[in-house]
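Shown next, in structure tokens, is the structure this report addresses.
Chain A is the first sequence line, chain B the second, and so forth, proteins listed ahead of strands; every chain is numbered from 1. What you see below is based on every heavy atom in this structure, not just the backbone, and it leaves out hydrogens, waters and symmetry mates.
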Amino acid sequence: MTSEKEKKRALRIYEILREKYGEQKPALNFSNPFELLIATILSAQCTDARVNVVTEKLFKKYKNPKDFLKTETEELEKDIFSTGFYRQKAKSIKACCEILAKEYDGKVPSNFEELTKLPGVGRKTASVVAGNAFGIPAVAVDTHVRRLSNLLGLADTKNPDKIEAALKELLPERTWIEISHLLASHGRAVCKARKPDCFNCVIYDYCPGKKLK
DNA sequence: CTCCCGATAT
DNA sequence: ATATCAGGAG
């Protein structure tokens, strides 16, 4: 139940953000699909800035799934400690690498469904990898996208899967990968969770959830 | 719904 | 000192 008017409005929001923030690339540093996969797993409940600090050293030490498999879990836990949830993440990465090595010849699968089956990889992580490593249209719903989508009236639910569906319905496929980045960028820079800077918001006029006058 | 956990803003 | 931030699995 998506009217043309709503689609128009959503596209307008996209265009304004696109104008302000320009070409978007992931805030996570990576140089190949495997690195993006690992970085995105680490980014769960952790800022991208922190993940980048950790991966700078991490990717010098671990180049491929086998490198991770050669290492004791305890050592890996130390290497990723500051990203939080380090036991879970170390376990996920190990299990992930096991599968990549055995079933995918050490490569990262390039389709969404296969990605989702990997340990520690949910729809958000799978969308990030599919979109940014392989150019497959996908909408990654992280906490920023969730918050801004609701604030902007692009979605009315806390359920990430439904937000993803709503954004895909509202916006043309060519904008899918970018809209996640744009909403996240705007969420980090201006429409911050703790203290939204509505004064400096370029989409203020489109925002029913504005906090300041 | 609960557990997993450190970093940072206030 | 503590509230808030940031996803996935069971």
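Between the OH atom of A/Tyr86 and the P atom of B/dG6 there is a distance of 5 Å, given to the nearest Å. Rounded to a whole Å, the CG atom of A/Asp197 is 16 Å from the P atom of B/dA9. Distance CG (A/Asn159) to P (B/dC1): 12 Å, rounded to an integer number of Å. Atom pair A/Asp161:CG and C/dA9:C1' shows a separation of 14 Å (rounding to whole Å applied). The distance between atom CD of A/Glu77 and atom P of B/dC4, rounded to the nearest whole Å, is 14 Å. Following rounding to the nearest Å, A/Lys89 (NZ) and C/dA9 (C1') show an atom-to-atom distance of 14 Å.
For the pair A/Lys162 and A/Asp156, the salt-bridge criterion is not met [side-chain N within less than 4.0 Å of a carboxylate O]. With respect to A/Arg12 and A/Glu15, a salt bridge is recorded, a charged nitrogen being found less than 4.0 Å from a carboxylate O. Using a 4.0 Å cut-off between a side-chain N of Lys or Arg and a carboxylate O of Asp or Glu, A/Glu164 and A/Lys168 qualify as a salt bridge.
Every residue two or more places apart in sequence or in another chain was checked for a side chain to side chain donor-acceptor pair (under 3.5 Å) with A/Glu103, and none qualifies.
Using bins of under 30°, 30° to 60° and over 60° for the plane-to-plane angle, the ring pair A/Phe81/A/Tyr86 lands in the tilted bin.
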N/O contacts under 3.5 Å, protein versus nucleotides 5-8 of chain C?
{"from": "C/dC5", "atom 1": "O4'", "to": "A/Arg194", "atom 2": "NH2", "distance (Å)": "3.4"}
{"from": "C/dA6", "atom 1": "OP1", "to": "A/His144", "atom 2": "ND1", "distance (Å)": "3.3"}
{"from": "C/dA6", "atom 1": "OP1", "to": "A/His144", "atom 2": "NE2", "distance (Å)": "2.8"}
{"from": "C/dA6", "atom 1": "OP2", "to": "A/Thr143", "atom 2": "OG1", "distance (Å)": "3.2"}
{"from": "C/dA6", "atom 1": "N7", "to": "A/Gln45", "atom 2": "NE2", "distance (Å)": "3.0"}
{"from": "C/dA6", "atom 1": "N3", "to": "A/Gln45", "atom 2": "O", "distance (Å)": "2.4"}
{"from": "C/dG7", "atom 1": "OP1", "to": "A/Lys124", "atom 2": "NZ", "distance (Å)": "3.1"}
{"from": "C/dG7", "atom 1": "OP2", "to": "A/Thr143", "atom 2": "N", "distance (Å)": "3.0"}
{"from": "C/dG7", "atom 1": "O5'", "to": "A/Gln45", "atom 2": "N", "distance (Å)": "3.3"}
{"from": "C/dG7", "atom 1": "N7", "to": "A/Gln45", "atom 2": "OE1", "distance (Å)": "3.0"}
{"from": "C/dG8", "atom 1": "OP1", "to": "A/Gly122", "atom 2": "N", "distance (Å)": "3.4"}
{"from": "C/dG8", "atom 1": "OP1", "to": "A/Thr125", "atom 2": "N", "distance (Å)": "2.9"}
{"from": "C/dG8", "atom 1": "OP1", "to": "A/Thr125", "atom 2": "OG1", "distance (Å)": "2.5"}

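Comparing the same atom, C1', in C/dT4 and in B/dC5 gives a spacing of 14 Å after rounding to whole Å. For the P atoms, the distance from B/dT10 to C/dA6 is 13 Å, rounded to whole Å.
For residues 78-96 of chain A, the salt bridge (charged side-chain N to carboxylate O under 4.0 Å, His left out) pairs, not counting sequence neighbours, are A/Lys61-A/Asp79.
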